[in-house]
Peer 1: 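Below: one structure in structure tokens.
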Amino acid sequence: MKFASSYEPGEYESDIYGAWEASGIFKPQVPTYPVDNDGDGKDDRLESKTAKTFSIVMPPPNANGNLHIGHGLTIALEDSLTRYHRLRGDSSWYIPGADHAGFETWVVYERELEKQGHTRFEYDRDDLYNKVWDFVAAQRGNMELQVRALGASCSWDDLTFTLDENVIDRVYTTFEKMWNDGLIYRGEKLVNYCPKHQTAFADIEVEHKDEKGTLWDIEYKLVDRPASLIVSTTRPETLFGDTAVAVNPEDERYKSLIGKMVKLPLTDRLIPVIADEHADPEYGTGVVKITPAHDFDDFEVGERHNLDRVQVISEDGHMVNVSEKYFGLSTADCRKQVLKDLKEKDLLKGEKQIVHSVAHCYKCGTVLEPMLKEQWFVDVKKLAAVAIEHLEDNEIKFHPENKKLVLIDYLKNLKDWNISRQIPWGIAIPMFRKDDASATDEPDWIFDRRTNLKEIEKGGVKYVRDEDTFDTWFSSSHWPIVCTDWDEENYSPYYPLNVMETGADILFAWVARMIMMGLYITGKVPFREVYLHGLVLDEHGKKMSKSKGNVINPIDLVTKYGSDAFRLGILRGRSAGMNQAFSENSVIAGRNLANKLWNISRLIQSIVDEEETADSRGSGAWQGEDERARPVATGASDAPREDAISFSTDNMGEDWICREINSCLEQVEQDMKTYRFAEAVETLYQTIWDKYADWFLESQKIFKNTALLKKTLETLLIALHPFAPFVTEAIWQNISWTEGFIATTNWPEKLQYDPISAENFENIRIIVSEVRTTLQSLPGTNNAKKYELLYDNDSLVAENELLIKTLTRVPAINNLGGSPRGLRLALANHEIYLDVPESVIKEYREALTEKILAVGRELDALNLRMENPNYTERAPAHLVKETQDKITEKQSLISRLKQQLDII
RNA sequence: GGGGAUUUAGCUCAGUUGGCUAGAGCGUACGAUUCACAUUCGUAAGGUCACAGGUUCAAGCCCUGUAAUCCCCACCA
């Protein structure tokens with residue numbers, strides 16, 4: 001016996017993964033590059049009946065990080081899909097990736113530098129890039145091992161790293177095209193800037209948090225009259241950058257002051273009073289100071305009124321362009337000083353506490369400073385418009401559906417995209433600035449791919465490299481294109497991707513940009529469907545976080561319960577787009593299913609072994625005389641066929657299990673088509689456990705049909721394989737009659753069965769359940785052993801005595817022969833009794849009364865429905881008939897139970 | 001301010017086009033036990049489908065309103 005009594009995942013998983021990988025089964029069958037084997041000069045892939053392809057990319061995990069629970073979910077989802085399609089015969093390509101994780105890795109590395117007592121400013125960009133490269137290379141590998149541990153059937157030879165040459169190449173090609181198309185521009189704008197990391201961010205990377213703050217009222221005195229304006233601000237230190245104060249043009253209080261000058265406190269500067277809609281008469285005093293260089297709204301006001309932009313805060317968060325007293329102070333110190341000085345001059349007229357939202361760095365939590373900087377921007381209007389057009393044409397199907405509208409809404413309001421980052425770890429921006437003022441005819445900036453050079457020469461003019469790198473999302477937006485080897489010449493049968501699976505939280509940052517970029521570069525949407533998963537929350541529905549200490553590590557669970565258990569557990573009870581709780585319990589349930597399946601296989605193998613031994617002795621030990629030739633085998637129809645494997649008719653569980661397995665297969669197929677993973681798993685779980693093990697295998701302990709046992713086990717193993725790849729493969733390798741890998745076998749065809757026989761077994765199940773229920777509700781314990789089962793005039797019971805006896809464990813089943821005794825079961829269509837003595841029946845009286853009442857209530861409800869003429873006239877005929885039948889059934893049941901009660 | 005969701009058993013969730021007595025897992029209670037599996041088997045209890053109206057022969061599902069929870073976007077001088 002090869003099978004241990006329980007499934008130990010640790011003993012099998014890594015060997016199995018190794019065998020899969022070594023045999024190359026994760027590679028797609030249809031090549032990714034043109035092939036011309038017949039030498040006719042044409043791409044064979046296009047000539048042949050194109051095999052169906054399935055392609056999906058892995059959202060690249062951080063190359064030097066570890067997987068978290070979200071990755072665990074992503075891989076469970078993506079790999080289940082991939083394996084399912086592989087079994088269905090599609091040329092399936094699951095493309096793995098690794099992310100240089102620009103900013104994240106940089107933050108980690110910069111901390112490392114600090115530990116060593118260095119700062120980034122001691123090195124130039126190329127040095128830093130090389131240092132980080134080495135750092136990442138040294139840390140790399142864990143992630144990829146963890147992806148393997150989760151069972152991802154991805155094609156490792158095709159792993160794409162976000163800094164691979166082909167990626168950089170593609171990004172430069174796009175950038176050049178955009179530059180030539182006028183979609184890229186350099187602009188001085190206010191950008192969100194982290195003074196700690198000294199880099200700018202895109203809007204999307206900013207984290208807004210509500211915080212308590214103080215609103216100070218400051219007096220600005222008018223120059224030509226003894227009057228003053230009170231302005232309110234949360235940032236008094238920025239007053240040095242004020243270049244105007246604004247009032248609403250409709251505000252009667254201040255109309256006469258528009259155009260006058262006020263003196264900027266603590267300075268000698270005079271600034272004008274301007275009229276602008278931005279000033280809200282309802283808010284505070286209705287007067288607002290305008291600091292174009294340090295506030296987003298003020299920046300726009302400044303544009304409208306042509307105001308100067310006076311930058312008073314440096315990139316490292318210190319005061320500049322101010323009088324000596326304040327120069328060099330940190331913004332926080334400067335604020336204190338300004339408040340103190342204003343108070344002394346009696347210009348501070350009030351303060352109050354408010355709650356307002358403040359922008360923070362999503363990595364270090366530092367308050368972001370709006371900073372005036374020259375950056376590269378993408379003009380997104382056209383790109384977004386094209387994306388919206390294709391989305392509205394329903395070219396991409398979303399799961400959940402509503403996310404499409406959310407995305408369209410986002411694209412409609414999208415602002416230009418800042419793609420410059422002031423960190424060295426990333427793809428260098430391929431732009432060079434003219435370094436020769438005398439060359440007036442030459443453009444200020446030129447595109448050039450030679451970013452390894454700090455300066456280049458073109459046409460006798462010297463140009464200097466821009467030191468910035470790309471926003472990670474700029475390159476990531478190319479992911480479907482670079483992963484599938486699409487280019488302008490090579491037709492890739494894998495582009496567009498069949499499905500893009502990723503977190504709902506990066507719908508805007510990533511999915512939106514992939515769509516825009518895909519359309520811009522290839523003219524096609526980059527994927528046909530989008531499946532978005534939500535956050536995995538802890539068991540109480542709270543976000544997992546290090547500070548809360550509720551983080552679950554997927555690899556720990558894999559180690560403890562096995563990869564399959566983790567996958568089954570994390571898929572269960574989860575639907576698209578929803579943030580849902582997760583607990584170890586669901587993984588334990590998955591572990592139990594794996595073990596159940598293992599033991600099912602162990603039982604079947606032992607039956608197969610025994611039969612083979614018996615055959616070799618020449619006596620059909622398990623093929624009793626009852627056996628008749630019966631047609632059941634694979635095939636598409638329900639109709640019995642005469643040429644198939646034979647098996648015994650007496651055990652009607654055989655037809656029944658075929659019916660149930662067929663319906664399970666149909667359900668799973670439907671669920672996979674509609675991305676309802678949890679439902680697919682649930683269906684399989686119930687079919688394998690509740691139906692196959694608890695009813696069919698129990699029945700097979702009486703009549704063994706080895707051929708069918710083999711066939712049905714294979715079917716269930718294959719159907720579960722996408723979700724639980726390891727245990728199904730381990731069993732496949734352990735049972736004696738299968739060949740090759742289950743991972744590359746074919747999705748099962750439907751089984752043939754006789755519907756009448758199947759329905760008969762369903763009736764037997766109902767009888768058995770009723771017997772069990774009644775036995776449990778009788779007084780005393782061990783009732784099953786005490787009472788015999790009696791029946792009258794019932795061929796179903798008569799023909800299946802042994803089966804019913806085994807399933808109910810009653811000591812005997814006898815034909816009454818017309819003289820009823822004992823306790824009659826509450827079954828409408830069968831006359832079945834438990835041979836229970838009078839004394840016990842009397843004790844059962846109460847339960848019987850309750851049962852009669854319950855059936856009576858059901859009957860009343862049905863009658864009420866039938867009495868309503870609107871129902872009988874307007875409801876579909878089959879429903880009305882069903883109701884009528886039910887009434888008849890309930891009535892007869894009640895009268896029988898009442899008879900029983902009368903006897904007592 | 002704008003938008004998106006969620007609310008069904010003690011907990012976590014299904015319930016697809018309105019149509020049988022609203023389901024599952026976990027948990028709970030009771031019972032079983034050599035003979036594949038205690039990671040087991042059997043049975044049961046447990047529901048005002050958030051609330052209030054409406055449409056319909058029929059509503060967990062559709063419509064209107066209310067409440068609570070969560071998320072996103074914008075703004076907050």
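Values below: all heavy atoms of this structure, side chains included; hydrogens, waters and symmetry mates excluded. Being a predicted model, the structure only gives us computed values, none of them experimental. Residue numbering restarts at 1 for every chain, and letters A, B, ... go by the order of the sequence lines.
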Peer 1: Of all the nucleotides listed (B:C26, B:A24, B:U43), which has the minimum atom distance to the side chain of A:Arg572?
Peer 2: B:A24

Peer 1: Considering only B:A36, B:U40, B:G19, which nucleotide approaches the side chain of A:Asn592 most closely?
Peer 2: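 From the listed options, B:U40 comes nearest.
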
Peer 1: If the cut-off is 4.0 Å, is A:Gln580 near the phosphate of B:A14, judged by side-chain N/O to OP1 or OP2?
Peer 2: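 Indeed, a polar side-chain atom of A:Gln580 lies that close.
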
Peer 1: Check A:Glu660 with A:Arg765, please: is the shortest side-chain N to carboxylate O separation under 4.0 Å?
Peer 2: no

Peer 1: Could you tell me whether A:Glu610 and A:Lys704 make a salt bridge, using a distance below 4.0 angstrom between a side-chain N and a carboxylate O?
Peer 2: no

Peer 1: Would you mind telling me which of B:U43, B:U39, B:A24 lies closest to the side-chain atoms of A:Glu8?
Peer 2: B:U39

Peer 1: Using the C1' atom in both, what is the distance from B:G60 to B:A9, to the nearest Å?
Peer 2: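 Result for the C1' pair: 14 Å, nearest Å.
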
Peer 1: When the C1' atoms of B:C41 and B:G4 are considered, how many whole Å apart are they?
Peer 2: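 To the nearest whole Å, 46 Å.
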
Peer 1: OP1 or OP2 of B:C41 sitting under 4.0 Å from any side-chain N/O of A:Trp689?
Peer 2: yes

Peer 1: Rounded to whole Å, please give me the gap between CG in A:Asn579 and P in B:U69.
Peer 2: 17 Å

Peer 1: For A:Gln670, answer base if it contacts any base atom (sugar-phosphate contacts may also be present), sugar-phosphate if it contacts only those atoms, and nothing otherwise; contact means non-hydrogen atoms under 4.0 Å.
Peer 2: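 No contact.
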
Peer 1: Does A:Glu679 contact B:A24 through a side-chain donor or acceptor facing the base, at a distance under 3.5 Å?
Peer 2: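 Check fails, no donor-acceptor contact within cut-off.
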
Peer 1: Assuming nearest nucleotide by heavy-atom distance, tell me which of A:Lys415 and A:Tyr7 is located more 5' along RNA chain B.
Peer 2: A:Tyr7

Peer 1: Quick one: do A:Arg676 and A:Glu682 make a salt bridge, cutoff under 4.0 Å?
Peer 2: no

Peer 1: Where the side chain of A:Leu697 is defined as all heavy atoms beyond and including C-beta, which of B:G4, B:A36, B:C20 is the nearest nucleotide?
Peer 2: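 Closest of the options to the side chain of A:Leu697: B:A36.
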
Peer 1: Using only heavy-atom distances, decide whether a donor-acceptor pair under 3.5 angstrom links the side-chain of A:Lys890 to the base of B:U21.
Peer 2: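 Check passes, donor-acceptor contact within cut-off.
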
Peer 1: Any base atoms under 4.0 Å from A:Leu215, or only sugar-phosphate, or nothing? Heavy atoms, all strands.
Peer 2: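 A:Leu215: backbone/sugar contact only, no base atoms under 4.0 Å.
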
Peer 1: Categorize A:Glu858 for me: base, sugar-phosphate, or nothing, with a 4.0 angstrom heavy-atom threshold over every strand shown.
Peer 2: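 Contact class for A:Glu858: base.
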
Peer 1: Heavy atoms under 4.0 Å, any strand shown: does A:Arg809 hit a base, just sugar-phosphate, or nothing?
Peer 2: sugar-phosphate

Peer 1: Quick one: A:Glu300 CD to B:A74 P, roughly how many Å, whole number?
Peer 2: 13 Å

Peer 1: Please report the distance separating the C1' of B:A50 from the corresponding atom of B:A5, rounded so that it comes out in whole Å.
Peer 2: 15 Å

Peer 1: Salt-bridged, A:Lys415 to A:Asp203, with N to O below 4.0 Å?
Peer 2: no

Peer 1: Think A:Thr773 has a side-chain N or O under 4.0 angstrom from the OP1 or OP2 of B:G42?
Peer 2: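 A:Thr773 to B:G42 OP1/OP2: no side-chain N or O under 4.0 Å.
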
Peer 1: Remember a base hit wins even if backbone is also touched, and classify A:Arg574 as base, sugar-phosphate or nothing at under 4.0 Å, heavy atoms.
Peer 2: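 Result for A:Arg574 = nothing.
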
Peer 1: Evaluate the ring pair (Phe, Tyr, Trp, His ring centres under 6.0 Å) criterion for residues A:Tyr7 and A:Tyr12: first the C-alpha distance (whole Å), next the side-chain angles of each, then the deciding distance (0.1 Å), finally the verdict.
Peer 2: CA-CA 9 Å; A:Tyr7 173 59; A:Tyr12 295 91; 5.8 Å; yes

Peer 1: Looking at the base of B:A5, is there any donor atom on it, or on the side chain of A:Lys403, that sits under 3.5 Å from an acceptor on the other one?
Peer 2: no

Peer 1: With a cut-off of less than 4.0 Å, is there a side-chain N or O of A:Arg591 near OP1 or OP2 of B:C26?
Peer 2: no

Peer 1: Once you apply a heavy-atom cut-off of 4.0 Å, does A:Tyr410 come out as touching a base, just sugar-phosphate, or nothing?
Peer 2: nothing

Peer 1: Which part of the nucleic acid, if any, lies within contact of A:Asp694, taking any heavy atom under 4.0 Å across all strands shown: a base, the sugar-phosphate backbone alone, or nothing?
Peer 2: sugar-phosphate

Peer 1: Honestly, is A:Arg513 close enough over A:Trp417, meaning NZ or CZ under 6.0 Å from the six-membered ring centre and within 45° of the axis?
Peer 2: yes

Peer 1: By nearest atom, which of the nucleotides B:C73, B:U39, B:G19 is closest to the A:Phe508 side chain?
Peer 2: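 From the listed options, B:C73 comes nearest.
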
Peer 1: Does A:Asn402 place a side-chain N or O at less than 4.0 Å from the phosphate oxygens OP1/OP2 of B:A5?
Peer 2: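 Answer yes for this pair, as a side-chain N or O of A:Asn402 is under 4.0 Å from OP1 or OP2.
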
Peer 1: When you get a sec, tell me which of B:G19, B:A24, B:A14 is the closest nucleotide to the side chain of A:Met578?
Peer 2: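 Out of B:G19, B:A24, B:A14, the nucleotide with an atom closest to A:Met578's side chain is B:A14.
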
Peer 1: Taking only the side-chain nitrogens and oxygens of A:Lys785, find out if one of them lies under 4.0 Å from OP1 or OP2 of B:G42.
Peer 2: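 So the side chain of A:Lys785 is outside the cut-off, no N or O lying under 4.0 Å from OP1 or OP2 of B:G42.
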
Peer 1: If you assign A:Leu603 and A:Lys209 each to the RNA chain B nucleotide with the nearest heavy atom, which residue ends up on the more 5' nucleotide?
Peer 2: A:Leu603

Peer 1: Can you tell me if A:Arg676 touches the phosphate of B:G15, counting only side-chain N or O atoms and a distance under 4.0 Å to OP1 or OP2?
Peer 2: yes

Peer 1: In terms of side-chain heavy atoms of A:Ala581, which of B:G42, B:A24, B:U12 is nearest?
Peer 2: B:U12

Peer 1: Need one value for A:Ser575: base, sugar-phosphate or nothing, where a base atom within 4.0 Å counts as base even if backbone is also close, heavy atoms only.
Peer 2: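 It contacts sugar-phosphate atoms only.
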
Peer 1: According to the Watson-Crick and G-U wobble definitions, with both distances under 3.5 Å, which nucleotide is paired to B:C30?
Peer 2: B:G42

Peer 1: Assign A:Asn782 to base, sugar-phosphate, or nothing according to its heavy-atom contacts below 4.0 angstrom with the strands shown.
Peer 2: sugar-phosphate

Peer 1: Between A:Val245 and A:Tyr254, is there a side-chain heavy-atom distance shorter than 4.5 Å?
Peer 2: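 With C-beta onward as the side chain, the pair stays apart.
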
Peer 1: Between the base of B:G42 and the side chain of A:Gln776, is there a donor and acceptor pair under 3.5 angstrom?
Peer 2: yes

Peer 1: Using a 4.0 Å heavy-atom cut-off, does A:Pro876 contact any base of the nucleic acid, only the sugar-phosphate backbone, or nothing at all?
Peer 2: base

Peer 1: Which of parallel (below 30°), tilted (30 to 60°) and perpendicular (above 60°) describes A:Phe677 and A:Tyr675?
Peer 2: perpendicular

